[in-house]
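Contents: one structure, followed by commentary.
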Amino acid sequence: MHVPERVELPRFSEHFLPCLCGPTGAGKTAASLALAARFPISVINADSRQVYRDFPIITAQPSAAEQSACPHLLYGYLPAEAKLGAGEWAREAAAAIAAERAKGRLPLLVGGTGLYFKALLAGIAPIPEVPAEVSARWQARVLAEGAPALHALLAEHDPAYAAKIHPNDRQRITRALEVWESTGRSFSWWHARPLPGPAYRPLKIGIGLSLADLEPLLQQRIKAMLDAGALQEARAALARCTDPEAPGWSGIGCAELYRHLRGELSLDECRALWLKNTRAYAKRQLTWFRADKDITWFRPGQAADIVAFVEAAPAGTDAFRTKPSGVRARPLSSDPRQRFNQSP
RNA sequence: GCCGGGGUAGCUCAGUUGGUAGAGCAGUGGACUGAAAAUCCACGUGUGGGCAGUUCAAUCCUGUCCCCCGGCA
């Protein structure tokens, strides 16, 4: 068997950071394995659900066999009760990137959580952690008084941010209020603070396809997860953490299986709801990543082109943003009828 | 075959005392600064089962036919 020659790391700029993003089920793991065969990479998880150790199957974490291809970091290391936020993840990811870099390896970010990529690559306001007691109180209030009432309250203290969000957006309203209460500064004040310049030179690689093309793949994947023991995984997780409100249980598939285990849903209903929610999620991811014009898009099965694309990234500065010739990347058109119809 | 209920958006249904109709879900597009697999926003023309009749006007009333569901045969 032909073993491809590995590329010397010094070819790349010191802060070079390839990133694989795209909707769930599009083949990011497969692409990362193709890259692992060519470069001395370490894969760093950028997915908010794949951090939970109780749900390796349901959250589609790379299997043990897949993880043996190269180091994989920040996968399956938290219990279901543990809460992880974008800022905390970004700190851990930055540490992992530095550590792998120091070992002479090339970090590769792989995941589908747009906010996590943004927090790491663009930075995030250095807001101190809000005490759980404070945030619990605001969450209780929004339930009791309704989001519009608290939005009006927010408008008194932080009119700029209140104007940016909708009166029904209870999550953002409570977040802004709890930050205001616990720090004495408005959410807008924190956002206005200058962030340090970019620490990385990302090469953003998207793997995308239309929702219509993705849907059958998602359906197959749910079946494969069930065949692989997703139900048993959920049952075992339930024995360890009985609180369905725990962060780990909020993943798509987990919540539906929980309801099936409680007898609220038949397995068929569970599967249908699971697919529906996964599809809606993939659509939101596509909306997020489509808006990022720095992403160069590929389709599933174009792993060889992705390898060539990374290989063609020039040494030195961020000139790699210029698309090398001979790479068959397909941009996402804004016209949905044209978007994925380019000939192969 | 008879009796009853029903045929309205892709699905489940609401409503109109006659003035050509609207919710939820689905779908599409979008937003996104520590729950982000989260949270939220915008977008609703459909031969109102077919035909005929009454009427200025029928999705609504009448007749008839077709189809579905339940019951009786």
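The chains referred to below are lettered A, B, ... by the order of the sequence lines, with proteins before strands, and numbering in each begins at 1. Keep in mind that what you see is a predicted model, and the values were worked out from it rather than measured.
- Inspection of the Arg221(A) and Thr24(A) side chains reveals an N or O donor paired with an N or O acceptor under 3.5 Å.
- Between Ile173(A) atom CD1 and A31(B) atom C1' there is a gap of 14 Å when expressed in whole angstrom units.
- Comparing the same atom, C1', in G24(B) and in G1(B) gives a spacing of 40 Å after rounding to whole Å.
- Here, U39(B) and C13(B) have their P atoms 28 Å apart, quoted to the whole Å.
- In this structure, Gln285(A) atom CD and G30(B) atom P are separated by 14 Å, rounded to whole Å.
- Nucleotides C25(B) and A35(B) have their P atoms positioned 25 Å apart, rounded to a whole Å.
- Heavy atoms of Ala119(A) sit nowhere under 4.0 angstrom from any nucleic acid atom.
- Residues Val43(A) and Pro62(A) are not in side-chain contact: their nearest non-hydrogen atoms beyond the backbone lie 4.5 Å or more apart.
- Atoms CH2 (Trp89(A)) and C1' (A37(B)) sit 15 Å apart, rounded to a whole Å.
- Contacts of Thr278(A) with the nucleic acid, taken as non-hydrogen atoms under 4.0 Å apart, are absent.
- Nucleotides G19(B) and C60(B) have their P atoms positioned 11 Å apart, rounded to a whole Å.
- Distance CG (Asp169(A)) to C1' (U39(B)): 5 Å, rounded to an integer number of Å.
- Base orientation of G34(B): syn, since the glycosidic angle falls within 90° of 0.
- Looking at Ile57(A) and Gln232(A), their side chains never come closer than 4.5 Å, going by heavy atoms from C-beta outward.
- Residues Leu121(A) and Leu17(A) form a side-chain contact, since some pair of their non-hydrogen atoms from C-beta on lies under 4.5 Å apart.
- Arg290(A) has a side-chain polar atom (N or O) that falls below the 4.0 Å cut-off from OP1 or OP2 of G30(B).
- The side chain of Thr113(A) places an N or O atom within less than 4.0 Å of a non-bridging phosphate oxygen (OP1 or OP2) of A37(B).
- Closest to the Ala86(A) side chain, of the nucleotides U39(B), A35(B), G34(B), is G34(B).
- Nucleotides U54(B) and C66(B) place their P atoms 24 Å apart, quoted to the nearest Å.
- Nucleic acid contact for Gly112(A): sugar-phosphate only, since backbone atoms but no base atoms lie under 4.0 Å from a heavy atom of the residue.
- The gap from the C1' atom of G53(B) to that of G18(B) amounts to 15 Å, rounded to the nearest Å.
- For Arg175(A), no side-chain nitrogen or oxygen approaches OP1 or OP2 of U39(B) to under 4.0 Å.
- Taking the nucleotide of RNA chain B with the nearest heavy atom to each of Gln171(A) and Lys83(A), the more 5' of the two is matched to Lys83(A).
- In the set A26(B), A38(B), G34(B), the nucleotide with an atom closest to the side chain of Lys276(A) is A26(B).
- Residue contacts for Pro126(A): at a heavy-atom cut-off of 4.0 Å it reaches a base atom on one of the strands shown.
- Projected onto RNA chain B by closest heavy-atom contact, Tyr161(A) and Arg284(A) fall at different nucleotides, the more 5' of which corresponds to Tyr161(A).
- Taking atom CZ of residue Arg172(A) and atom P of nucleotide A38(B), one finds them 12 Å apart after rounding to whole Å.
- In this structure a side-chain-to-backbone donor-acceptor pair under 3.5 Å is missing from Glu233(A) to Ala230(A).
- For Ile252(A), counting side-chain heavy atoms from C-beta on, the closest listed nucleotide (G34(B), A35(B), A37(B)) is A37(B).
- Rounding to whole angstrom units, CD of residue Glu256(A) and C1' of A37(B) are separated by 10 Å.
- When both pairing distances are held under 3.5 Å, G1(B) makes a Watson-Crick or G-U pair with C72(B).
- Here Trp249(A) and Tyr52(A) keep their ring centres 6.0 angstrom or further from each other.
- C51(B) sits 15 Å from U59(B) when the C1' atoms are compared, rounded to a whole Å.
- In terms of phosphate contacts, Lys283(A) brings a side-chain nitrogen or oxygen within less than 4.0 Å of OP1 or OP2 of G29(B).
- Note: CG (Leu120(A)) to P (U33(B)) measures 17 Å, nearest angstrom.
- Across all strands, Asn277(A) comes closer than 4.0 Å to no nucleic acid atom at all (heavy-atom distances).
- OP1 and OP2 of A37(B) both lie 4.0 Å or more from every side-chain N or O belonging to Ser250(A).
- Here G19(B) sits opposite C56(B) as a Watson-Crick or G-U wobble pair (both hydrogen-bonding atom distances under 3.5 Å).
- Between the P atoms of A57(B) and C3(B), the separation comes to 33 Å (whole Å).
- In terms of phosphate contacts, Arg279(A) brings a side-chain nitrogen or oxygen within less than 4.0 Å of OP1 or OP2 of U28(B).
- Within 4.0 Å of Glu129(A), counting heavy atoms only, lies no atom of the nucleic acid at all.
- Thr287(A) has a side-chain polar atom (N or O) that falls below the 4.0 Å cut-off from OP1 or OP2 of G30(B).
- Straight-line distance from the CD atom of Glu92(A) to the C1' atom of G34(B): 12 Å, rounded to whole Å.
- Using cut-offs of 30° and 60° on the angle between ring planes, the pair Trp89(A) and Tyr116(A) is parallel.
- By the 5.5 angstrom centroid cut-off and the 30-degree plane limit, His191(A) is classified as stacked against the base of U33(B).
- Here Glu215(A) lies out of heavy-atom contact (under 4.0 Å) with every strand.
- Using a 4.0 Å heavy-atom cutoff across all strands shown, Leu84(A) reaches sugar-phosphate atoms only and no base atom.
- A donor-acceptor pair is defined here as one N or O able to donate and one able to accept, closer than 3.5 Å; no such pair exists between the side chain of Glu100(A) and the backbone of Ile97(A).
- At distances below 3.5 Å, not a single donor-acceptor pair connects side-chain atoms of Lys118(A) with backbone N or O atoms of Thr113(A).
- Across the strands present, A42(B) finds its partner in U28(B); the criterion is a Watson-Crick or G-U wobble pair with both atom distances under 3.5 angstrom.
- For Asn168(A), a side-chain nitrogen or oxygen approaches OP1 or OP2 of C41(B) to under 4.0 Å.
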